[in-house]
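Below is a structure I'd like to ask you about.
In listed order, ligands and their atoms are each counted from 1. Predicted model, so just to flag it, every value in this text is computed and none were measured. For reference, positions follow the sequence shown, starting with 1.
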Amino acid sequence: MKFGGTSVQDTAAFTRVVKIVESQKAISPVVVTSAMSKVTDALLDAFETAKKGDSKTALQLLKPHFARHLQVSQNLTAEKQQKSFQAELNLAKDELSDLLLRVKRRSLPLAMLKDAIVSYGEQLSSRLLADVCRAKKLNTRQIDARRLIVTDDEYGAATPVWEETENLIKLELEPLIESSEIPVLGGFIAASRSGETTTLGRGGSDYSAALVAAALRARELQIWTDVTGVLTCDPRICSEARTINTLSYEEASELAYFGAKVLHPKTIQPAVDYKIPVRVGNTFEPEKTGTMVLAESEVLPGKIKSIAHKTGITILRISSARMLGSYGFMSALFQIFERYRTVIDVISTSEVSVSMTLDNTSSLEPIVGELKRLGNVEIEPENAVVCVVGEGLRGTSGVASKIFSTISDINISLISHGASSVNMTFVVKEDKAGEVIKRLHGTFFRQI
Ligand code: ADP
Ligand code: ASP
Ligand code: MG
């Protein structure tokens, strides 16, 4: 059971979570929690402030968040637990103060310090949740996720080393589960082989929970959040978004990858590997089933299930007469991206040109420098990828024409269809994305 930031944002939220865990205690849950909402952002702000040389202000930025934790502890646990939590909090403050000073003085690599700092969100929320559950007579025990999830040392977006992680999770958690204890661990945080704290990327608690579920061959992975399942589109764009009853793993992966924030993009793979059903539910409406993600789901011929989108996308176009009838060009091109560890999301080629989209542009300059050796390069920032998903797209005619006639007056700069048979992906200008989604949602999901 994974609870997101808004599900542990305050006393009322903690109370809801305890009820949900309590209702499933007979079926041996393992609880994974995010940091309390806004805490990860605050820790990152503190890091940036210290980086600019002001480590004192950096620590001040965190004070209100320490107080939020303390408030929950005071509202929901007994005096003894409050004291011990306060001691834990004081320790965290001292450690953070030291880490922020190190950031200012650059006394350790910044990427390493950043992960160490940001990990306190989950370290504290998991301790607090374990305390609050115990106060409500649940047999919980806080476990440090950094002892279970082993990763490489790519700080900020580390990759787990599966066999080691699997063994550690089993070794540590199975005996607890057998003795009816409920482990509570922080998501998102892990450690490299050398023991340094790492993180799995923003929103990575979903992924932590999926790793734990896979290692334990759990009966179900539950992602508890602030919306009732995966919706037909981002509810912040279109308030008519509705819950989707079932999704296939493939559909859910595409949606997560192309921006449906409700699931971290890497969450589905561990579930696929061991065929674990994933349920996405709402802590504010726990009685509703939400969305089930399964190996196979309803195929609705000609129907789409959801529309995801991702903004902040840059298009790169490389045109070169050298491409014509030659081999090795694509290989040379991809090697450049590999060297700079940069992911290409969507790609489309013609005989003399390649267009592709990038989400991460941190290495754009050197990449473009090298691409120029292959041909003429154009860069187009501020785009959005829109991804229409549904098993029903598999071999049904007419869907593409319906999509494109709905937005016929909006310029589309790239289209990809067929690589995965469950999606149709295209790129529009960022400032048109909201309009595109609203219109498509109107066309495909209008209530009759
Ligand atoms: P948590 O903190 O629980 O992990 P997130 O903020 O990461 O929650 O993800 C849930 C949010 O994802 C929702 O509140 C919603 O605004 C956003 N979202 C974007 N696209 C979708 C979608 N297709 N279905 C559901 N939620 C979506
Ligand atoms: N707390 C982390 C974040 O805000 C991880 C998560 O919530 O899943 O990105
Ligand atoms: Mg999330």
Side-chain angles (χ1 to χ4, degrees), residues 1-9 13 16-17 20 32-45 65 114-115 117-126 129 145 149 156-158 185-190 198-211 222-245 247 251-267 278-285 290-291 293 304-311 384-390 433-434 437 440-441 445:
M1 308 176 77
K2 176 264 174 177
F3 295 93
T6 42
S7 302
V8 290
Q9 66 187 356
R16 279 191 289 271
V17 169
I20 295 169
V32 175
T33 179
S34 292
M36 288 176 79
S37 66
K38 303 195 183 82
V39 170
T40 306
D41 286 340
L43 288 160
L44 288 170
D45 279 351
H65 299 286
K114 191 173 178 178
D115 272 2
I117 288 170
V118 85
S119 74
Y120 281 85
E122 272 74 7
Q123 288 191 53
L124 290 172
S125 65
S126 56
L129 184 55
I149 301 179
L185 42 132
F188 179 57
I189 60 177
T198 56
T199 60
L200 304 178
R202 291 305 305 264
S205 295
D206 300 339
Y207 188 29
S208 304
L211 293 168
Q222 300 177 352
I223 304 290
W224 289 93
T225 181
D226 60 351
V227 283
T228 309
V230 182
L231 307 179
T232 46
C233 76
D234 187 335
R236 292 165 297 183
I237 299 271
C238 178
S239 56
E240 280 143 35
R242 301 201 297 268
T243 300
I244 303 160
N245 295 332
L247 282 172
E251 289 170 331
S253 302
E254 297 285 353
L255 285 173
Y257 190 78
F258 286 108
K261 191 182 167 224
V262 64
L263 285 174
H264 182 272
K266 293 184 180 163
T267 313
V278 182
R279 180 154 96 85
V280 183
N282 189 347
T283 36
F284 298 84
E285 291 185 331
T291 300
V293 184
I304 67 165
K305 292 239 181 103
S306 187
I307 310 160
H309 76 290
K310 196 154 80 165
T311 50
V385 177
V386 178
C387 176
V388 176
V389 166
I437 286 150
L440 289 176
H441 198 270
F445 299 101

Heteroatom distance test (Ser34, ligand 2): nitrogen or oxygen, under 3.5 angstrom =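 By distance alone, the answer is yes.
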request  = Please verify whether a non-hydrogen atom of Gly203 lies at under 4.0 Å from ligand 1.
outcome  =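 For ligand 1, residue contact (heavy atoms, under 4.0 Å) with Gly203 is absent.
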ask   = Which atoms of ligand 1 have any heavy atom of Val227 under 4.0 Å away?
value =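 That gives atoms 13 (C), 14 (O), 25 (C), 26 (N) of ligand 1.
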request  = Among Arg242, His441, Glu240, Lys305, find the one that has a side chain to side chain donor-acceptor pair (under 3.5 Å) with Thr232.
outcome  =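 Result: among Arg242, His441, Glu240, Lys305, His441 is the only option passing the side chain to side chain donor-acceptor pair (under 3.5 Å) with Thr232.
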message = Give me the atom names and distance for the closest heavy-atom approach of Ile437 to Ile237.
response =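 Heavy atoms only, the tightest pair is CG2-CG2, 3.8 Å.
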Nitrogen or oxygen atoms of Asp206 and ligand 1 under 3.5 Å apart =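 No, there is no polar N/O contact under 3.5 Å.
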ask   = Would you say Ser7 touches ligand 1, if touching means a heavy atom closer than 4.0 Å?
value =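 No.
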request  = Out of Pro235, Cys238, Ala35, indicate the one that has the non-hydrogen atom closest to atom 27 (C) of ligand 1.
outcome  =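 Residue with the shortest heavy-atom distance to the ligand atom: Pro235.
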request  = Could you check atom 3 (C) of ligand 2 against the protein and tell me its nearest heavy-atom contact, residue, atom and distance included?
outcome  =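 Heavy-atom neighbour on the protein nearest atom 3 (C) of ligand 2: Arg202 NE, 3.4 Å.
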inquiry  = Heavy-atom count check: over 12 atoms from other residues, nucleotides or ligands less than 6.0 Å from Lys114 NZ?
reply    =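 Counting neighbours around NZ of Lys114, 12 or fewer heavy atoms of other residues, nucleotides or ligands fall under 6.0 Å, so no.
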ask   = Is there a side-chain contact between Ser208 and Ile149 (heavy atoms, below 4.5 Å)?
value =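 Ser208 reaches Ile149 side chain to side chain.
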task = Could you tell me whether ligand 2 has any atom less than 4.0 Å away from a heavy atom of Glu122?
result =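 Yes, Glu122 has heavy atoms under 4.0 Å from ligand 2.
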request  = Could you go through the salt bridge (Lys or Arg N to Asp or Glu O under 4.0 Å) check for Lys38 and Asp45 one step at a time?
outcome  = CA-CA 11 Å; Lys38 303 195 183 82; Asp45 279 351; over 6 Å; no
ask   = Measuring from the heavy atoms of Gly203, does anything fall under 4.0 Å of ligand 2?
value =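 Flag set, Gly203 near ligand 2.
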key: Protein residue, atom and distance nearest to atom 6 (C) of ligand 2, heavy-atom basis   =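 In this structure, atom 6 (C) of ligand 2 has Ser205 OG, 3.3 Å as its nearest protein heavy atom.
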ask   = Under the criterion side-chain contact (heavy atoms from CB on, under 4.5 Å), which of Val39, Ile189, Leu43 is the partner of Val118?
value =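 The option that passes is Leu43.
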inquiry  = Taking 4.0 angstrom as the limit and counting only heavy atoms of Cys233, give me the atoms of ligand 1 inside it, by number and element.
reply    =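 Near Cys233, meaning under 4.0 Å from one of its heavy atoms, ligand 1 has 22 (C), 23 (N).
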Nearest-neighbour protein heavy atom for atom 19 (C) of ligand 1, which is reported as residue plus atom name and distance =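 The closest heavy atom on the protein side is Asp234 CG, 3.4 Å.
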Closest to atom 25 (C) of ligand 1 (judged by heavy-atom distance), picking from Gly229, Gly259, Ala260, Ala308 =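 The option holding the nearest heavy atom is Gly229.
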task = Indicate whether the side chain of Ser119 and that of Gln123 have a donor and an acceptor atom separated by less than 3.5 Å.
result =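 There is such a pair (donor and acceptor under 3.5 Å, judged by atom type) between the side chains of Ser119 and Gln123.
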task = Identify the protein heavy atom lying closest to atom 13 (C) of ligand 1, giving its residue, its atom name and the separation to 0.1 Å.
result =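 Closest protein heavy atom to atom 13 (C) of ligand 1: Asp226 OD1, 3.5 Å.
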Heavy-atom nearest neighbour in the protein, as seen from atom 2 (O) of ligand 1, with distance rounded to 0.1 Å =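 Here the nearest protein heavy atom works out to Gly5 N, 3.1 Å.
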query = With a cut-off of 4.0 Å, which atoms of ligand 1 are near a heavy atom of Val230?
reply =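 Ligand 1 atoms under the 4.0 Å threshold to Val230: 24 (N).
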query = atom 17 (C) of ligand 1: which of Arg236, Lys305, His309 has the nearest heavy atom?
reply =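 Looking at heavy atoms only, Arg236 sits closest to atom 17 (C) of ligand 1.
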message = Taking side chain to side chain donor-acceptor pair (under 3.5 Å) as the criterion, tell me which of Lys261, Lys2, His264 meets it with Asp206.
response =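 In the set Lys261, Lys2, His264, the residue that makes a side chain to side chain donor-acceptor pair (under 3.5 Å) with Asp206 is Lys2.
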request  = Indicate yes or no: does an N/O atom of Leu231 lie under 3.5 Å from an N/O atom of ligand 1?
outcome  =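 Checking ligand 1 against Leu231, an N or O pair does fall under 3.5 Å apart.
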Where Gly229 and Thr291 come nearest, the two heavy atoms and their spacing =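 That closest heavy-atom pairing would be CA-OG1, 3.4 Å.
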message = Please check whether Gly201 reaches ligand 2 - meaning an N/O of the residue sits under 3.5 Å from an N/O of the ligand, judged on distance alone.
response =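 By distance alone, the answer is no.
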query = Hey, what do you get for CG (Leu129) to OG1 (Thr33), rounding to the nearest 0.5 Å?
reply =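 If I round to the nearest 0.5 Å, the distance is 5.5 Å.
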ask   = Do you know the tightest heavy-atom contact between Ser306 and Cys233?
value =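 The answer is OG-N, 4.0 Å.
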ask   = Looking at Ser205 and Val32, what are the two nearest heavy atoms and their distance?
value =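 Heavy-atom minimum between the residues: O-CG1, 4.0 Å.
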ask   = Just by distance, with hydrogens left out, do Thr198 and Asp115 show a side-chain donor and acceptor under 3.5 Å apart?
value =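 No - no donor-acceptor pair under 3.5 Å links their side chains.
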task = Please determine if Ser306 has a nitrogen or oxygen closer than 3.5 Å to a nitrogen or oxygen of ligand 1.
result =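 No: no nitrogen or oxygen of Ser306 is under 3.5 Å from one in ligand 1.
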ask   = When you measure from atom 12 (O) of ligand 1 to every protein heavy atom, which one gives the shortest distance, and what is it?
value =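 Answer, as residue, atom name and distance: Val262 N, 3.5 Å.
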ask   = Nearest to atom 3 (O) of ligand 1, what protein heavy atom do you find, and at what distance?
value =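 Here the nearest protein heavy atom works out to Thr225 OG1, 2.7 Å.
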message = Contact between ligand 1 and Lys2 is defined here as a heavy atom of the residue under 4.0 Å from a ligand atom; is it met?
response =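 It does, in that a heavy atom of Lys2 comes within the 4.0 Å cut-off of ligand 1.
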key: Sub-4.5 Å side-chain heavy-atom contact between Ile20 and Met1   =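 In contact.
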query = Hey, is Gly204 one of the residues with a heavy atom under 4.0 angstrom from ligand 2?
reply =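 Per 4.0 Å heavy-atom rule, Gly204 contacts ligand 2.
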ask   = Which bit of Lys261 is near ligand 1, meaning a heavy atom under 4.0 Å away: side chain, backbone, both or neither?
value =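 Answer for Lys261: both.
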Heavy-atom closest contact (Gly290 atom, Thr228 atom, distance) =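 That closest heavy-atom pairing would be CA-CG2, 4.1 Å.
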